[in-house]
Asks: 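Dropping the structure in here first, questions after.
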Amino acid sequence: MNQEEVIRTHSAGDLSVKKLGAEVLLAGWVQRRRDHGNIIFIDLRDRNGIVQIVSNPTQNEAIHKIAEKVRNEFVLRVKGIVSRRPKGTENPNLLTGDIEIIISQMDILNTSETPPFEIEDNVNVDEGIRLKYRYLDLRRPEMLKNLSARYKVVKTVRNFLDKHGFIEVETPILTKSTPEGARDFLVPSRLQPGHFYALPQSPQLFKQILMVSGIEKYFQLARCFRDEDLRADRQPEHTQIDMEMSFMTQDEIISLMEEMISTVFSDVLEMEIEYPFERLDYDESMLRYGNDKPDLRFGLEIKDVSDIIANSEFKVFSNAVNSGGVVRSINVSGGSSFSRSQLDELTELAKSLGANGLAWIVLEENSLKSPIVKFLKEEEVKQINNRMEAKSGDLLLFVADKPSTAADVLGNIRLKIAERLNLIDHSQYKFIWIVNPPLVEYDDEEKRYKALHHPFTLPTEESIDLIEKDPLSAKAKAYDLVLNGVEIGGGSLRIHSKDIQQKVFKLLGITEEEMQEKFGFLLDAFEYGTPPHGGIAFGLDRLVMLLMKKKSIRDVIAFPKTETATCLMTEAPSTVSEKQLRELQIRKR
RNA sequence: GGGGCUGUCGUUCAGCGGUUUAGGACAUCGCCCUGUCACGGCGAAGAUCGCGGGUUCGAAUCCCGUCAGCCCCGCCA
């Protein structure tokens, strides 16, 4: 084929009967070749889809010779006429199934090794292999769809925020290590040996400084780095839709975000999301769902029964309550069908999560089956059943422990049971804001207070005095957005006075020197007319994961890392040369 | 750091102490085939059973260690 002005004139997937008779130039990959001895069919794939091209030796022997050599994933350029398929040979499974291309010219632009797995959706192949050959994996339509959806989210968000007066500002990737929070990724400084940059865990301080700078409305699609262990929804680097706003109240920020999320759903999924979303106090979420990211697609709510059994003769329960603990319960409707071994399994789960055990009562027709009911008074059982709205056929599960453990254990059991009993309607999107969280929590191991959100979160007005008097009762002006049990965003109003900021730092055990060294620039900035401000950040990867109904954010990231934080394609991280280390004045030990 | 699941031809599964010369499917290669589209038919090639120890007359199979992938706990302000 002669060099022509263009490589292709059309896309394989875009062709239809509308182009009947047209001469087109196509380029793409060989999805499959079907050689019938004489006639050869080739499915030619490009980004938009597949079209069948046909070679018939009676029409052109030279082309047929080439067609015989073609193999999967070869790159072809084909000239031909868009033709209607003979009657009865149309393929309804193919968007272009009414037509085919009768080849008049064909070039092999490139050959291909036999790929390690087929380029098609629903491949059953180990994820490690997919990651090693990510360039092939990404050829699969499903992966292209995920990346496209991701782009669409980004585009929608940019448009939306632009329309609302936001300015996109980039902040440094090479920045300063700060105390608190996750482990930092460090970058050694060559010009200042012994000194290190840190990669940002989030642009938090910069975006607040931008508020001091009068930007008023900032956003950034910010890459964030955290050197912690990985999970299905956690990568060492992830992308945040990061925002900060001056002169806006919590309610204003929340409703703007609801509008943004709803716009994303309507643009990407053509789905109308109802808002405002429900809001739930943090404390109530911990009580009813056992965590701060409740999955509302099913019931199984946790209830406290401490008051009923506070004076019970069943010491496991009453002692727990009288030593500051609680007894909480889940009613598994229809759970009487659980076998003894299934109950043992749940007990094991409870123990592995830190509980001393798991008590249960099975309500049968006219009797109770339970290892604990003999210790309980009839009246106590009756009251419990009342509160739990238990009826025949139900199963009650109890944990007696300190409140945080009881919440954690029952929260996990709740999820486990929902999964086992198939209670989750996966077609649903259930949003909820978790609001009014504590400002700090106490870290038993480090024997100090830790910020629940981060050290810059504004306490509620009533809480300012509590910072010193009763820190654990202080509440924060913070809000997390939860979708289907996954935290997809979190934000807060920020402290904008040096005075309060210092109080909070002090509460967190940050010394005066540390304050100056790590946050001096922020405290300085606060002295130059800082506007009240607040913000929020959404996890882009998680949001897209949920939109695409994927189980892992790896499926919506082009080049993700494995659980040991390795890139199987590039094999990063790797060793470096002695020369590089010498320049950085770094020695291995 | 801890718990769990999984490592067997290119891929995906089976085999779980001894007729195994490690089997099937898909892919690959060869021959045949003019309407297929998961094309079909016949045939062939392809695996030191992740790696290292140990137990045993004998190990893919049992045990220990290790590495890798996945899920979870810790961790992730």
Side-chain angles (χ1 to χ4, degrees), chain A residues 31-44 50-59 64 71-73 83 85-94 96-97 100 102 113-120 122-133 136 178-184 201-202 204-205 224-236 238 345 348-349 351-354 408-409 412 415-416 419 437 439-441 443 445-446 448-457 476 478 487 490 492 504-505 508 510 537 539 551-552 554 561-564 566 568 571:
Chain A
Q31 180 68 30
R32 195 167 273 117
R33 184 185 65 121
R34 289 177 296 280
D35 185 344
H36 286 244
N38 279 308
I39 198 162
I40 293 176
F41 301 101
I42 294 170
D43 291 341
L44 190 71
I50 287 173
V51 72
Q52 173 168 282
I53 63 179
V54 189
S55 167
N56 198 321
T58 59
Q59 284 167 357
H64 206 70
R71 292 294 179 273
N72 282 358
E73 299 310 309
S83 313
R85 291 192 184 192
K87 249 208 166 61
T89 66
E90 300 90 349
N91 183 355
N93 300 321
L94 210 58
T96 61
E100 61 192 8
I102 307 298
E113 292 291 310
T114 302
F117 51 86
E118 297 227 22
I119 310 304
E120 61 188 19
N122 306 314
V123 280
N124 176 20
V125 60
D126 182 77
E127 198 180 350
I129 308 254
R130 287 175 51 205
L131 290 175
K132 181 175 175 192
Y133 299 95
L136 297 179
T178 52
E180 300 268 321
R183 195 175 291 112
D184 283 321
Q201 295 180 24
S202 90
Q204 183 62 34
L205 292 169
C224 302
F225 305 86
R226 293 171 191 180
D227 188 6
E228 298 292 349
D229 287 357
L230 291 85
R231 289 280 193 290
D233 63 352
R234 268 163 43 190
Q235 285 271 307
H238 74 280
E345 204 182 300
E348 280 313 305
L349 174 68
K351 283 181 178 166
S352 76
L353 291 165
D408 189 30
V409 171
N412 275 292
L415 293 172
K416 190 86 181 174
E419 205 176 298
L439 186 66
V440 294
E441 59 190 348
D443 187 316
E445 269 177 35
E446 294 184 33
R448 66 182 189 88
Y449 294 104
K450 275 192 157 177
L452 203 81
H453 200 60
H454 58 53
F456 317 104
T457 305
E487 187 202 318
S492 65
V504 172
F505 281 156
L508 298 175
I510 299 173
K551 289 206 171 75
S552 162
R554 292 187 300 273
K561 294 183 178 57
T562 68
E563 210 170 61
T564 48
T566 303
L568 292 178
E571 296 186 313

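Quick note on labels: first sequence line is chain A, next is B, and so on, each numbered from 1.
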Asks: With the side chain counted from C-beta on, respond yes when A:Leu205 and A:Phe456 share a heavy-atom pair under 4.5 Å apart, and no when they do not.
Replies: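 Of all side-chain heavy-atom pairs linking A:Phe456 with A:Leu205, at least one is under 4.5 Å.
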Asks: Say you draw a straight line from SG of A:Cys224 to CD of A:Gln235; how long is it, rounded to the nearest 0.5 Å?
Replies: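 Rounded to the nearest 0.5 Å, the SG-CD separation comes out at 13.5 Å.
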Asks: Determine, answering yes or no, if A:Phe41 is stacked on B:U36 under the 5.5 Å centre rule and the 30° plane rule.
Replies: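 A:Phe41 ring centre within cut-off of B:U36 base, planes near parallel; stacks.
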Asks: Between B:U12, B:U36, B:C71, which one does the side chain of A:Val125 approach most closely?
Replies: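 From the listed options, B:U12 comes nearest.
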Asks: How far does the P atom of B:G46 sit from the matching atom of B:G24, given to the nearest Å?
Replies: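 Taking atom P in both B:G46 and B:G24, they lie 14 Å apart.
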Asks: Strictly by Watson-Crick or wobble contacts shorter than 3.5 Å, is anything paired with B:C49, and which nucleotide is it?
Replies: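 Its partner: none found.
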Asks: Below 3.5 Å, does any donor atom in the side chain of A:Arg130 face an acceptor in the base of B:U11, or the other way round?
Replies: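 Checked by distance alone, the answer is no.
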Asks: If you look at every strand shown and take non-hydrogen atoms under 4.0 Å, does A:Glu100 touch a base, only sugar-phosphate, or nothing?
Replies: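 Result for A:Glu100 = base.
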Asks: Output the single nucleotide from B:G35, B:G74, B:C39 whose closest atom is nearest the side chain of A:Asp229.
Replies: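 The answer is B:G74.
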Asks: Could you tell me whether the phosphate oxygens of B:C39, OP1 or OP2, come under 4.0 Å of any side-chain nitrogen or oxygen in A:Arg34?
Replies: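 Looking at the OP1 and OP2 atoms of B:C39, one of them is under 4.0 Å from a side-chain N or O of A:Arg34.
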Asks: On the nucleotide B:C73, are OP1 or OP2 found under 4.0 Å from the side-chain N or O atoms that A:Arg231 carries?
Replies: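 Yes, such a contact exists.
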Asks: Side chain of A:Arg85, heavy atoms from C-beta onward: which of B:C37, B:C76, B:G35 has the nearest atom to it?
Replies: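 Closest nucleotide among those given: B:C37.
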Asks: Applying side-chain contact (heavy atoms from CB on, under 4.5 Å), run through A:Asp43 and A:Gln52 and close with a yes or a no.
Replies: CA-CA 5 Å; A:Asp43 291 341; A:Gln52 173 168 282; 4.0 Å; yes
Asks: In Watson-Crick or G-U wobble terms, both distances under 3.5 Å, what is the partner of B:A44?
Replies: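 Partner of B:A44: B:U28.
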Asks: Any idea which of B:C26, B:U12, B:C76 is nearest the A:Glu118 side chain?
Replies: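 Given the options B:C26, B:U12, B:C76, the side chain of A:Glu118 is closest to B:C26.
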Asks: Between B:C76 and A:Arg234, counting only base atoms on the nucleotide and side-chain atoms on the residue, is there a donor-acceptor pair under 3.5 Å?
Replies: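 Such a pair exists between side chain and base.
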Asks: For the CD atom on A:Glu419, are there more than 12 heavy atoms of other groups (residues, nucleotides or ligands in this structure) within a distance under 6.0 Å?
Replies: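 Atom CD in A:Glu419 is not packed in, count stays at 12 or less.
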Asks: Please compare A:Pro57 and A:Asp126 by the position of their nearest nucleotide in RNA chain B and report the one closer to 5'.
Replies: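 By nearest-heavy-atom nucleotide position, the 5'-most residue is A:Asp126.
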Asks: Select one nucleotide: of B:U11, B:C76, B:C37, the one nearest the side-chain heavy atoms of A:Asp43.
Replies: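 So the side chain of A:Asp43 is nearest to B:C37.
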Asks: Suppose you measure atom P in B:U11 against the same atom in B:U48; what distance do you get, rounded to whole Å?
Replies: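 Per the computed distance, 11 Å lies between those P atoms.
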Asks: Taking 4.0 Å as the cut-off, does a side-chain nitrogen or oxygen of A:Arg32 come that near to OP1 or OP2 on B:C39?
Replies: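 Checking A:Arg32 against B:C39: at least one side-chain N or O falls below 4.0 Å of OP1 or OP2.
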Asks: Any idea which of B:U34, B:A38, B:C71 is nearest the A:Asn91 side chain?
Replies: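 Between B:U34, B:A38, B:C71, the one nearest the side chain of A:Asn91 would be B:A38.
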Asks: Rounded to the nearest Å, what distance is computed from the CG atom of residue A:Leu136 to the C1' atom of nucleotide B:A27?
Replies: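 Computing the A:Leu136:CG to B:A27:C1' distance gives 14 Å.
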Asks: Between atom CG in A:Asn72 and atom P in B:C26, what is the gap in whole Å?
Replies: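 My rounded result for the distance is 15 Å.
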Asks: If the C1' atom of B:C33 is compared with that of B:G17, how far apart are they to the nearest Å?
Replies: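 Each nucleotide's C1' atom is 48 Å from the other's.
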Asks: On a whole-Å scale, what distance lies between the C1' atoms belonging to B:G18 and B:C9?
Replies: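 Straight-line distance between the two C1' atoms is 24 Å.
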Asks: Can you see if the side chain of A:Ser352 gets near the phosphate of B:C72 - specifically, an N or O under 4.0 Å from OP1 or OP2?
Replies: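 No.
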Asks: Should we say atom OH of A:Tyr133 is surrounded by more than 12 heavy atoms from elsewhere, each under 6.0 Å from it?
Replies: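 Open: at most 12 neighbouring heavy atoms sit under 6.0 Å from OH of A:Tyr133.
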Asks: For B:U61, give the paired nucleotide (Watson-Crick: N1-N3 plus N6-O4 or O6-N4; G-U: N1-O2 and O6-N3; both under 3.5 Å), or none.
Replies: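 WC or wobble partner does not exist here.
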Asks: My understanding is that a pair needs two contacts under 3.5 Å, Watson-Crick or G-U wobble. By that rule, which nucleotide pairs with B:A14?
Replies: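 B:A14 is unpaired by these criteria.
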Asks: To the nearest Å, give me how far apart CG (A:Leu94) and C1' (B:C39) are.
Replies: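 So the two atoms are 15 Å apart, to the nearest Å.
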Asks: Got a donor-acceptor pair under 3.5 Å from the side chain of A:Arg71 to the base of B:C29?
Replies: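 It does not, because no donor-acceptor pair links the side chain of A:Arg71 to the base of B:C29 below 3.5 Å.
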Asks: For atom C1', what is the distance between B:U55 and B:A59, given to the nearest Å?
Replies: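 Going atom to atom, C1' in each nucleotide, I get 10 Å.
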Asks: Which distance, rounded to the nearest 0.5 Å, do you find between the CG of A:Asn124 and the CD of A:Glu118?
Replies: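 Between A:Asn124 CG and A:Glu118 CD, I get 12.0 Å after rounding to 0.5 Å.
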Asks: Base, sugar-phosphate or nothing for A:Gln52? Non-hydrogen atoms, less than 4.0 Å.
Replies: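 A:Gln52: base contact, heavy atoms under 4.0 Å.
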Asks: What is the distance from CG of A:Asp35 to P of B:C29, rounded to the nearest Å?
Replies: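 Computing the A:Asp35:CG to B:C29:P distance gives 11 Å.
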Asks: On RNA chain B, compare the nucleotides closest to A:Ile129 and A:Thr114; which residue's is nearer the 5' end?
Replies: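 On the 5' side of the pair lies A:Ile129.
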Asks: Suppose we define a pair by two distances each less than 3.5 Å, Watson-Crick or G-U wobble; what does B:C39 pair with here?
Replies: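 Per the H-bond distance test, none.
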Asks: Given that both distances must come in under 3.5 Å, which nucleotide forms a Watson-Crick or G-U wobble pair with B:C5?
Replies: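 Its partner is B:G69 (Watson-Crick or G-U wobble, both distances under 3.5 Å).
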